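Working notes, beginning with the structure itself.
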Amino acid sequence: MKAPDGRVRVPEDRPLRPDGEYVLYWMIAARRTRNSFGLQHAAARARELRRPLLVLEAIRVGHRWNTARVHRFVMDGMSVNARRFESLGVRHLAYVEDAVGAGRGLLRALASRACLVVTDEFPGYFLPRMVAAAAERIPRRFEVVDGNGLVPLAATDRVYTTAASFRRAVHKRAAEWVEEFPVEEPLSDYDLGWAEVPHDILGRWPSRTPQDLKGALIAGLPLDHEVGPVRDRTGGSDAGDARVERFLGDGLAHYPERSRHPDAGGTSGLSPYLHFGHVGAHGVLRRIFHEEGWDPSLIREERLARREGFWGLSPQAESFIDELVTWRELGFVHAFHRPGGLETYDDLPEWARRTLANHEEDDRPWTYDKATFESAATHEALWNACQEQLRRDGAVHGYMRMLWAKMVLGWSDSPREAFATLVALNDRWAVDGRDPNGYSGVAWCFGRFDRAWGPERPVFGKVRYMTCDASRRKLRLSRWLARYSRAGDS
DNA sequence: ATCGGCTCGCGCAA
DNA sequence: TGCGCGAAGCCGAT
């Protein structure tokens, strides 16, 4: 079954070539074998044309945030996919570029033998430009499939300034979108054979084995190795799926209350897996719906636009879905319509820029530059622990993340500099940096998708104020703090 | 412990 | 035009 029409974009309308050797799926964002509109669509095309499917999953070097951390995570995922595709009888080419530019030409070489090329839509980082460039160069029909979330990006025609207005838009069409989920196992009955790839292509661009991908290969790559792999967190669909199950079995029943407290460990931890598509939003939703015995008849229209009660699920599940769909996809929709907007200071709402400008000259109790923030060397142990968690784990606890960003706003020479510092730290150290959702998290701390709050305060103006002292009072965080403390902090 | 005030944009109802 | 509502705010009053 093909992906719904509203999720398929054809940038250059070229005819497909029915006598090609295979259908090429260029897997760039939805790096998984299940619950994927992109893969499902490519498989349906292959069936229609009676040609084998060839999956190209690659990772290149030379892009801007090129760290051993991200490479390890993505290569873990490639290793899992290599095994899964092999057991499904589908050819999967796992290419790891080992020198800048070495991968150039691979996509075109494979595409020239293909009936058509299918790839993923992703509204962030350099992917939209990469897809646009590929669409121009590839002399084949090229179909871009949006499997990012419940809301098809093309079904929206504008950005939303508040979560509330987006929530209303989601609820209005939710009943329609829950009826068009991707197939859970799109390749379960695959019988179209093994795509042959010419030796000269494989000689120049070798496909790595699962063992290679998990092994020492990464050590020799030209990467920022200072940002090393995160401990205790393996990338890939196996680890991502396991995390979904763990959260459903334990965290969800206490959501969101337990997730507020850093010591309690009640967060889903799914963000990095969602970012690289090792886990898909539809798959997570499907599991929640199944666990709660939900069907669309339980939707309560009278609760439309409300934070709770619309779905007819438990309050905990509704709260999590609000996070997974409303808040996550709010950022995706914004990035889709305004590429780069979320990470641009001048794109913040007018009221926020005005009030921050009015307080630009206020005295700051402390100011630090990016290097001091980056090395977690401020006067405040609580803040340093946040930054240390980012450095070590590639993610900051959800609540502490807000404090982390708010304090950089409070302790930088200007709000503009603070914003740039945060985007840079997030880009470099977070496993899911460069995700629209990560940028919306930073931008929220500067008023994006939020509202003004009084009373007006120094530096922050009417932007929602948060303090380390209040967090210490409200939250259970002593164990978290001890864990991420650095020598010298007490 | 709980509550109101602070403040702004949206979308619906009137 | 008015009104209710809204990611996690903080602070002071009761």
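Not measured: the values here are computed from a predicted model. Order of the sequence lines sets the chain letters (A, B, ...), proteins ahead of strands, with each chain counted from 1.
Across every strand in view, dT7(B) sits unpaired, with no contact that passes the Watson-Crick or G-U test at under 3.5 angstrom.
For the segment residues 302-332 of chain A, the set of residues with a heavy atom within less than 4.0 Å of an atom of DNA chain C comprises Arg306(A), Arg307(A), Glu323(A), Trp327(A), in numerical order. Heavy-atom distances under 4.0 Å link DNA chain B to Trp351(A) of residues 349-359 of chain A, given in residue order. Within residues 431-451 of chain A, the residues approached by DNA chain C to less than 4.0 Å at the level of any non-hydrogen atom are Trp444(A), Arg451(A), in residue-number order.
Using bins of under 30°, 30° to 60° and over 60° for the plane-to-plane angle, the ring pair Phe142(A)/Trp26(A) lands in the tilted bin. Using cut-offs of 30° and 60° for the angle between ring planes, the Phe122(A) and His275(A) rings count as perpendicular. Ring planes of Phe449(A) and His334(A): perpendicular class, angle over 60° (limits at 30 and 60°).
Think of the region where chain A sits on DNA chain C: with heavy atoms and a 4.0 Å cut, that region ends 5' and 3' at dC5(C) to dC11(C).
Salt bridge Glu245(A)/Arg287(A): present, at least one basic N to carboxylate O contact under 4.0 Å. A salt bridge is defined here as a Lys NZ or Arg NE, NH1 or NH2 lying under 4.0 Å from an Asp or Glu carboxylate O, and Glu302(A) with Arg300(A) meets this definition. Taking a cutoff of 4.0 Å between a charged side-chain nitrogen and a carboxylate oxygen, Arg72(A) and Asp76(A) qualify as a salt bridge. Under a 4.0 Å N-O distance rule, the pair Glu180(A)/Arg173(A) does not qualify as a salt bridge. Using a cut-off of 4.0 Å between Lys/Arg side-chain N and Asp/Glu carboxylate O, Arg364(A) and Asp413(A) are scored as not salt-bridged. A salt bridge links Arg428(A) with Glu226(A): the closest approach of a Lys/Arg side-chain nitrogen to an acidic carboxylate oxygen falls below 4.0 angstrom.
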Dump every N/O contact between nucleotides 10-12 of chain B and the protein below 3.5 Å, one line per pair.
from: dC10(B); atom 1: OP1; to: Thr161(A); atom 2: OG1; distance (Å): 2.9
from: dG11(B); atom 1: OP1; to: Arg158(A); atom 2: NH2; distance (Å): 2.7
from: dC12(B); atom 1: OP1; to: Lys172(A); atom 2: NZ; distance (Å): 2.9

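Residue Lys462(A) places none of its side-chain N or O atoms closer than 4.0 Å to OP1 or OP2 of dC6(B).
Remark: Asp238(A) pairs with Arg84(A) by the salt bridge (charged side-chain N to carboxylate O under 4.0 Å, His left out) rule, at least two apart or across chains.
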